[in-house]
Every structure is written in structure tokens, then in C-alpha cells.
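What follows is a single structure, and I will ask about it in a moment.
What you see below is based on every heavy atom in this structure, not just the backbone, and it leaves out hydrogens, waters and symmetry mates. On a predicted model such as this, the values are computed, not experimentally measured, just so you know.
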Amino acid sequence: MPKKSVMDIDVKDKRVLVRVDFNVPLDQEGGVADDTRIRAALPTIKYLMEQGARVILASHLGRPKGKVDDRYRLNPVAGRLQDLLGREVTKVDDCVGDEPARAIEKMRPGDVLLLENVRFYPEEEKNDPAFASRLAKLADVYVNDAFGTAHRAHASTEGVARVIPGVAGFLMERELEMLGRAVYNPERPFVAILGGAKVSDKIGVIGNLLEKVDTLIIGGGMANTFLRARGYETGKSLLEPDKVELAGELMNKAREKGIEMLLPVDLVVALAVDPDSEQKVMPADQIPPDWMALDIGPESTNIFGKAIRKAGTVLWNGPMGVFEMAPFARGTFEMARALAESGAVTVVGGGDSVAAVKKAGLADKISHISTGGGASLEFLEGKVLPGVAALQDK
Ligand code: ADP
Ligand code: MG
């Protein structure tokens, strides 16, 4: 069921509490090192301002562990937001209680106020109902635009929407629409590429996608466990011995369902996880005992690329190799290019995969780059995100 968005409700003159994801990386001096997340929330904030709402912003920053910690105050964020909006942003030093209440009383339509870090209270992550009510008391309606924390049932992401009506912001809406379209209503053929370090991180994703895709491509460290299930030796490669059986079962399931499952046919192997280590390309069934697979090989890239070119929808989560090191980044970057060049609807989720696409300079050629690492994974697992479930249905 689609969720109501800010467009579906009247916000004029209302006090609107907006949960944003301003959990930005900070630099050495405590300044904002990367304002991507602040920029991502601007469409919702600007829309609410233009509609004459009183815009009250709430976010967490870092891990202050339920205590006031000056390193995690949102003051630098307020400064950057003010620059980006070109308009005054009032920052208060608490997120509940008298100080915010007084500041909100003084707000006029179109004003913007930023509350202090909600995680200064342990009640936030505990989703304490009394704390959620204190937050809710500050406003008439609630907007969730923090997709990245929607998989957490916290007071500011879930509890508050039980007290006052909640709707989705534009960023949240786009995430749900694009991820939802890929998983539940894909243009076919639907090709999913899964990679990353471990099978164990992605079992739920593989299981859910096996019900939906036409082709499943497995690369990265987790491919080793699948290759092992085929009976191949994997040398010193990252391997999860206790997941070999499961990998075999997943391969059988794919076969039964008539799903094409592609594993690497060749691999870049090295003697150590070290860019200076000796390296060579080997067929996937011939990894020598002392060597480890750190990237997919050129033939694999070709085969995967062909499947991507034929696709109507491509969903990618998890790098094909240790892309943080240049000698083992080729497979991952080639996949990013294949997505960028395909005419398919392309969706990339997962913190490292998104970082890889950005590093390849191809982010603007992808239909949708998900802003939520953990949240997008849980979405791909088919889970209901509590922060989404709490919002009003259309
Ligand atoms: P995402 O954040 O996109 O979901 P993951 O966190 O699951 O991706 O996996 C990313 C990590 O997997 C990267 O740090 C990368 O170095 C690692 N990785 C990929 N391939 C291998 C491999 N063959 N051996 C060891 N680590 C790998
Ligand atoms: Mg990751």
C-alpha cells in the first residue's frame, strides 16, 4: 500500500516535525565533511516552507549513546543548512521540553528550526512511548524523510507517528517508489547482481530476490562460498564454510525455478589482500592453494555485462571485489559502467556499492542510488521497515 506524502496533506500554518537524516560525516574540526544528506532533504524542506508550514527538523548524528556529547551537536549542520537554504535556521540545544517549545511558539509560517540530536536521549533508540509523545507534542503532523533510518523503530522514526499523523517526505517517497518498482513490479528481464564480502550478510536478500528475478549474478567475496558448493577449491579466499550447504541449496532452488544464476568463471587472485601482492587471472575452478580471489576476471565481466545489456531492470548490491584497492577494483567499476550504459531501470543499494559507483564517477547515470545502506538491504529482504509502516496509507 503506497504511503501518503507531504503532497497529500494540508500543511499550511501547521507545525510540521520532519525526521531527516542529517547524520553527516564530520571533519577533524567538527565541521560538515560531506553535505550530501543535507542536500537530499532540501526538496522536502523547501516545499514545506513554500506551503507556509513551520518546519521543525529532527535528526540523529553519530553515536552519542544516549548522553549529551558536544561533539555530536547539530550546530555545524544548522550552519550548512542555513547556507544551502539562504535563509535563517534557528537551532535549539534540546529536542524536547521547554526550549524547543518556546522557540516553536515564536515561529512564523515558512520558518525553519533544527532540534538538537535526538540520540542525546537513551529513550530515542528504545522507542520510549513517553519520549515519542514529547516529540509529537511539538508538532501537528510528522513527516519522515529519513529513509536511511527507516529500518529502525526509534522514537523519532516510528513512535512519534503513532501519536500524530505521519506522511513521507520526497526523498522517502522516491526511495520507496524506485526500490519498490525494482523489487515488486520490475521491467523484465529483471537481473540482480549481488556481491560484497559475505553470504551471511545477504542471505535474506538472496532468498527474497530468488522469488522475483530472472537472472541472479553472484560476485565478490560471497561468490567463493557458492564456488565451493560447486566443489571448486577456493584456496585462501574469503570463505564461509558453514554457509556452503546453504549456497548449494540456493543454487538448487534457482535451478528448480528456472532462474539463471551466474557465478564468476574467472577470478583475479593474489597472495595477499595487498595492492602490491603478486596477482594473476585464473579460471574459477583452478584457484591455487595459497592464492585468494579478490576480484572477478575479465571473462566474468563479459558474461555479466551481456546479461545486464539485455535487462529491463538491474538491481545491484555488493561490490564484485576488493574495490578499495585499485588492482582489485576493475570488476566492480566495469559493472558500474555496464549499469550506466544499459537502457534498463538501474537501482544501486548498499553503502559500499554506492561508494563504488560514485568513485567510478557514474552516479548520475544510474536511475536510482539508494541513500540508505541498512534500510535498503532490509527492503530488498522483503521486510517491512517500521518507519515506513507507521506512516499513513494513501
Ligand atoms: P554493500 O555495502 O554495498 O552492501 P558489502 O558491505 O556487503 O557491500 O561488501 C563490501 C565489501 O566487500 C568491500 O569492503 C569489499 O572489499 C569486500 N569484498 C568484495 N569482494 C571481496 C573478496 N573477493 N574478498 C574479500 N572481500 C571482498
Ligand atoms: Mg557495506
Side-chain angles (χ1 to χ4, degrees), residues 192-207 215-255 260-308 316-338 350-357 359-360 377:
I193 312 162
L194 295 177
K198 291 200 257 151
V199 182
S200 47
D201 292 340
K202 310 270 164 96
I203 293 169
V205 180
I206 302 171
T215 300
L216 183 61
I217 297 174
I218 306 266
M222 71 185 213
N224 303 325
T225 302
F226 284 86
L227 294 171
R228 190 81 192 87
R230 265 197 190 159
Y232 298 179
E233 292 303 328
T234 52
K236 291 224 162 69
S237 306
L238 184 67
L239 182 79
E240 288 169 280
D242 60 327
K243 292 292 176 298
V244 173
E245 201 183 318
L246 175 74
E249 284 165 18
L250 290 167
M251 287 196 288
N252 286 338
K253 190 171 174 197
R255 197 172 314 119
E260 180 183 38
M261 187 145 166
L262 301 176
L263 295 180
V265 296
D266 58 349
L267 296 156
V268 177
V269 297
L271 287 164
V273 191
D274 178 345
D276 299 322
S277 159
E278 196 186 328
Q279 49 189 276
K280 55 188 179 183
V281 175
M282 292 298 285
D285 59 353
Q286 287 171 42
I287 304 181
D290 281 334
W291 294 67
M292 55 178 77
L294 296 177
D295 194 10
I296 57 171
E299 187 51 30
S300 308
T301 312
N302 266 337
I303 294 170
F304 295 178
K306 263 185 207 145
I308 293 169
W316 181 22
N317 168 264
M320 296 291 100
V322 181
F323 75 100
E324 295 91 339
M325 298 179 186
F328 315 118
R330 208 194 116 270
T332 300
F333 288 167
E334 290 287 327
M335 284 299 101
R337 183 161 26 209
D352 292 291
S353 317
V354 169
V357 169
K359 213 166 151 188
L377 268 188

Are V268 and L294 side-chain neighbours, meaning at least one heavy-atom pair lies under 4.5 Å?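 No, side chains not in contact.
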Between F304 and I193, is there a side-chain heavy-atom distance shorter than 4.5 Å?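 Counting from C-beta outward, I193 and F304 never come under 4.5 Å.
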Going by the salt bridge (charged side-chain N to carboxylate O under 4.0 Å, His left out) test, which pairs reach into residues 243-255, not counting sequence neighbours?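 Counting only pairs at least two positions apart or across chains, the salt bridge (charged side-chain N to carboxylate O under 4.0 Å, His left out) contacts touching residues 243-255 are E211-K253.
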Determine, stepwise, if the pair L238 / M292 fulfils side-chain contact (heavy atoms from CB on, under 4.5 Å). CA-CA 7 Å; L238 184 67; M292 55 178 77; over 6 Å; no
Can you name the residues that form a side-chain contact (heavy atoms from CB on, under 4.5 Å) with E233, not counting sequence neighbours?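 Per chain and number, E233 pairs via side-chain contact (heavy atoms from CB on, under 4.5 Å) with R228.
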Step through the shown structure and confirm whether more than 12 heavy atoms of other residues, nucleotides or ligands are within 6.0 Å of NZ on K359. yes
Partner of L267 under side chain to side chain contact (heavy atoms under 4.5 Å, CB included), chosen from L227, V281, T234: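 Exactly one pass, corresponding to L227.
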Taking all atoms of both residues into account, what is the closest heavy-atom pair of A307 and L262, and its distance? CB-CD1, 4.0 Å
Shortest non-hydrogen contact from A284 to P264?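 Scanning both residues completely, I find the closest heavy atoms to be CB-O, 3.4 Å.
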Would you indicate whether the side-chain heavy atoms of I287 and Y232 approach each other to under 4.5 Å? no
From CD (E299) to CG (N302), nearest 0.5 Å: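 That separation rounds to 5.0 Å.
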Interatomic distance, D276 atom CG to M325 atom CE [nearest 0.5 angstrom]: 9.5 Å
Checking S277 side chain against A272 main chain: does a donor-acceptor pair fall under 3.5 Å? yes
Side chains of W316 and M335 in contact at under 4.5 Å (non-hydrogen atoms):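 A side-chain contact exists here, since the closest heavy-atom pair is under 4.5 Å.
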Nearest 0.5 Å, what's the CG-CZ distance between D352 and F323? 4.5 Å
To check you understand the geometry: which heavy-atom pair defines the closest contact between G297 and R330, and what is its length? C-NH1, 4.2 Å
Heavy-atom closest pair (A293 atom, V269 atom, distance to 0.1 Å) is CA-CG1, 4.0 Å
Once rounded to the nearest 0.5 Å, what's the spacing between atom CE of M222 and atom CD1 of I203?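 One gets 10.0 Å once the value is rounded to the nearest 0.5 Å.
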With heavy-atom distances below 4.5 Å as the criterion, would you say the side chains of T301 and M320 are in contact?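 No - every pair of side-chain heavy atoms lies 4.5 Å or more apart.
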Kindly check if the number of other-residue, nucleotide or ligand heavy atoms within 6.0 Å of NZ (K306) is above 12? no
Looking at residues at least two apart in the chain, or sitting in another chain, which of them share a salt bridge (charged side-chain N to carboxylate O under 4.0 Å, His left out) with K236? D290
As a test of understanding, state which of I206, D201, V199 forms a side chain to side chain contact (heavy atoms under 4.5 Å, CB included) with L194. I206
Spatial distance of atom CG (L263) from atom CG (D285) [nearest 0.5 Å]: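 It is 12.0 Å, given to the nearest 0.5 Å.
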Taking every non-hydrogen atom, the tightest pair across G196 and K202: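 Smallest heavy-atom distance, with atoms named: CA-NZ, 4.4 Å.
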Heavy atoms, side chains only, cut-off 4.5 Å: are L246 and E240 in contact? no
Quick one: CG on N317 to CG on L377, what's the gap to the nearest 0.5 Å? 5.0 Å
Shortest non-hydrogen contact from A229 toward M251: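 A229 and M251 have their closest heavy atoms at CB-CE, 3.5 Å.
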